[in-house]
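Okay, structure first, notes after.
First the proteins, then the strands, lettered A, B, ... as listed; each starts at 1.
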Number of protein chains: 2
Amino acid sequence: MANTSSRTLRLLSLLQARRYWPGPRLAEELGVSARTLRRDVDRLRELGYPVDAQPGVDGGYALAAGAALPPLVVDDDEAMALAVAIQSHLATGDGGDSALRALTKVVQVMPRRLRARLDAVRSSTTSAIWAAEVGAPLDHAVLSTVALGCRDRERIRFDYVAAAGSPSSRLVEPAQLVALGPRWYLVGYDLDRHDWRTFRIDRIVTADSTGTSFAPRTPPFDDVATYVRSRVLGDSHAGRHRVEVVVEASADAVRARVGRWAAVRSDSPTRCTMTMETDSLEGPLFALGSVGAQFSVVSPPELAALAHDWGARFGRA
Amino acid sequence: MANTSSRTLRLLSLLQARRYWPGPRLAEELGVSARTLRRDVDRLRELGYPVDAQPGVDGGYALAAGAALPPLVVDDDEAMALAVAIQSHLATGDGGDSALRALTKVVQVMPRRLRARLDAVRSSTTSAIWAAEVGAPLDHAVLSTVALGCRDRERIRFDYVAAAGSPSSRLVEPAQLVALGPRWYLVGYDLDRHDWRTFRIDRIVTADSTGTSFAPRTPPFDDVATYVRSRVLGDSHAGRHRVEVVVEASADAVRARVGRWAAVRSDSPTRCTMTMETDSLEGPLFALGSVGAQFSVVSPPELAALAHDWGARFGRA
DNA sequence: ACCATTGCGGCCACTTCCTGACCGCGTTGC
DNA sequence: GCAACGCGGTCAGGAAGTGGCCGCAATGGT
């Protein structure tokens, strides 16, 4: 710990952990003279991290918001919180690419004991309420393995359960991860089938990095999202529903409830048609209930049946 | 950038951004000789960050998972993703203290432009579906201002809208933030009223740090959570409901749906009583619907009425 | 008005270490 | 066996980091 750079890092961490530090206190904490502390502060400033200083009695040093993000010095618990938050955020389908990169960074440098804790926390905090809507919770181990594979161009091997339920083992050169709605997909080159394939992340059972890298292939698409969308819609996934409902309310009122989740087409000032894709029928039903307007289900019939069931039970309650 | 410590930091960032780096490539990137690169790698190892190296053709350096968390070097987008994810995680009431600390760290060092983006993103991505349940979305600006005030013992000033709807301006010495269910509370010493008060974060309109620090007072409680709970339950909040429902299903089946949200008491193998506190009646109704069992509402009458309304509409659909 | 506290920056001498340049060695994969 | 690569030793020159001084400016309390 006698190193200069390590001390600078520790100074940064101290300044991130508490706002104001009196100079002498910092110097003592770092085990250097006050003069050297000033030089360390200068060093931080040269690195682009603005450190405010206040003279006078009760003065001190404080880390200010600057142009560049300083390295985040987080402790175990904070790293856990970050990882858990990003995971549950990814599981809702928001976040996208940069969130995935951030998760990858956090997980990659996590000590093994923390990863174990992360697994434990994930399995215990999955909110049962929303689980029906977001589908199977994302397995962070699978997701980060795959993400690392994409980033570092390393072949991965995993067991895959197809829509029909038949399991298979795959050796794939991962190209890209795409979030489509609440679902994550991997586009990669399947080395056994000698062709490009699209995999649903929550259908991947266990993924392992093989450690062998590969040269990137030219992908058969221009826009990944479009490609995946066409592939996914072409398949008729078991359990996937195309919901269409006519609601006796203004399109705006419905949009205010469902947000970007569904497409809402205005038919008249007091009527609109809502279209969405989902795995769970309970989510749309909840949305329809909270809109507070009369509606009729165009498709699928399962939704109409479910509405009838809920209606009967709610009516008797 | 001629500095040694800055170079070490950059090396760390490079290793976090991509898995394998051939030595010569890294050396070139950092503008030093290969020998110096080796020494830099050694330095990182001395700091506790394990760097794997693979000799032979196609070898290189890779950052491995170690005992300590290295400083996270994230870019703007990743920081945004982290902040957004933590916010929405906090808004669900999970996460707790360490998540709040992490958010505080991230936000504190964020450049101003990023904070602006964060505001924009927050307001545009608040999921309308769950908004009814989680209540007013957390305002990250308020939350982080308050959190910083607690951490750094700085007085804060804010406008508060009481449960009755009457606005007031407060000058408070913040002591602690507490998450109680889906809601965040601030416990602090109100300097105008000369007494301890509990504030609901989502009722705080705008919060500003005054910059004046204060000496910590001895709080009038041992356990903050207990204190807040007693204070909050004592008040009869407008819009707050105590829900009690008898469900014709096993307690385990109900628990599997509602998770830790509600208290479930088993009455018989096929009947149980569910008790919860909530602001929104739609959330419990959704849970009851998805349980798929018959139920009867004990209280409040509003819930029974709402169930009846939903039931009528669902039945006609 | 005076004082203590705190931060700022210059100066200097001493010490440390950092750097680039060699070298030979072991490992890996072709 | 060869090439590519990482490892570690050594050496000399030079560039830092360091602590101790100094006077100065700003702040807040007495």
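- Considering only heavy atoms from C-beta on, S98(B) stays 4.5 Å or farther from M80(A) through its side chain.
- Taking side-chain N and O atoms only, R25(A) has no distance below 4.0 Å to OP1 or OP2 of dT5(C).
- Here dC18(C) presents its C1' atom at 15 Å from CG of L30(B), a figure rounded to the nearest Å.
- Nucleotide dT6(C) holds its P atom 13 Å from the CD atom of E28(A), rounded to whole Å.
- For A53(B), taking side-chain heavy atoms from C-beta onward, the closest of the listed nucleotides dG9(C), dG6(D), dT18(D) is dG6(D).
- dA16(D) atom P lies 11 Å from atom CZ of R7(B), rounded to whole Å.
- In this entry the distance linking CZ of R45(A) with C1' of dG7(C) reads 9 Å, nearest Å.
- For the pair L11(A) CG and dT18(D) P, the computed distance is 12 Å after rounding to whole Å.
- Nearest to the side chain of R35(A), among dC11(C), dG20(C), dA26(D), sits dC11(C).
- Straight-line distance from the CD atom of E46(A) to the P atom of dC8(C): 14 Å, rounded to whole Å.
- Each of D40(B), L44(B), L12(B) was compared with V51(B) under the side-chain contact (heavy atoms from CB on, under 4.5 Å) criterion, and only L44(B) meets it.
- For the helix from dA1(C)-dT30(D) to dC30(C)-dG1(D), the end axes, each set by the C1' atoms of five terminal pairs, are bent relative to each other by 50° (nearest 10°).
- Comparing dG20(C), dG6(D), dG9(C) against the side chain of P24(B) picks out dG6(D) as the nearest.
- No more than 12 heavy-atom neighbours from other residues, nucleotides or ligands sit within 6.0 angstrom of CZ on R153(A).
- Between R101(A) and D75(B), at least one side-chain nitrogen of the basic residue sits less than 4.0 Å from a carboxylate oxygen of the acidic one, meeting the salt-bridge criterion.
- Between the CD atom of Q54(A) and the C1' atom of dG7(C) there is a distance of 10 Å, rounded to whole Å.
- The nearest whole Å value for the distance from the CG atom in D40(B) to the C1' atom in dC17(C) is 13 Å.
- Phosphate proximity of dG8(D) to R39(B): absent, as no side-chain N or O sits under 4.0 Å from OP1 or OP2.
- Heavy-atom nearest nucleotides on DNA chain C were determined for P55(A) and for V32(B), and the one closer to the 5' end corresponds to P55(A).
- F214(A) has its ring centre no less than 6.0 Å from the ring centre of Y189(A).
- Here Y61(B) reaches the OP1 or OP2 of dC7(D): one of its side-chain N or O atoms lies under 4.0 Å away.
- Look at T36(B) and you'll find a side-chain N or O under 4.0 angstrom from OP1 or OP2 of dG20(C).
- Residue R43(B) places at least one side-chain N or O under 4.0 Å from the OP1 or OP2 atom of dC18(C).
- Between T4(B) and dT19(C), a side-chain N or O to OP1/OP2 separation shorter than 4.0 Å is present.
- Summarising the geometry of Q176(A) relative to C150(A), their closest heavy-atom pair is N-SG, 3.8 Å, with the distance given to 0.1 Å.
- Within 6.0 Å of CG in D222(A) there are 12 or fewer heavy atoms belonging to other residues, nucleotides or ligands.
- Residue whose closest nucleotide on DNA chain D sits further toward the 5' end, between P22(B) and R38(A): P22(B).
- Using a 4.0 Å cut-off between a side-chain N of Lys or Arg and a carboxylate O of Asp or Glu, R39(B) and D42(B) do not qualify as a salt bridge.
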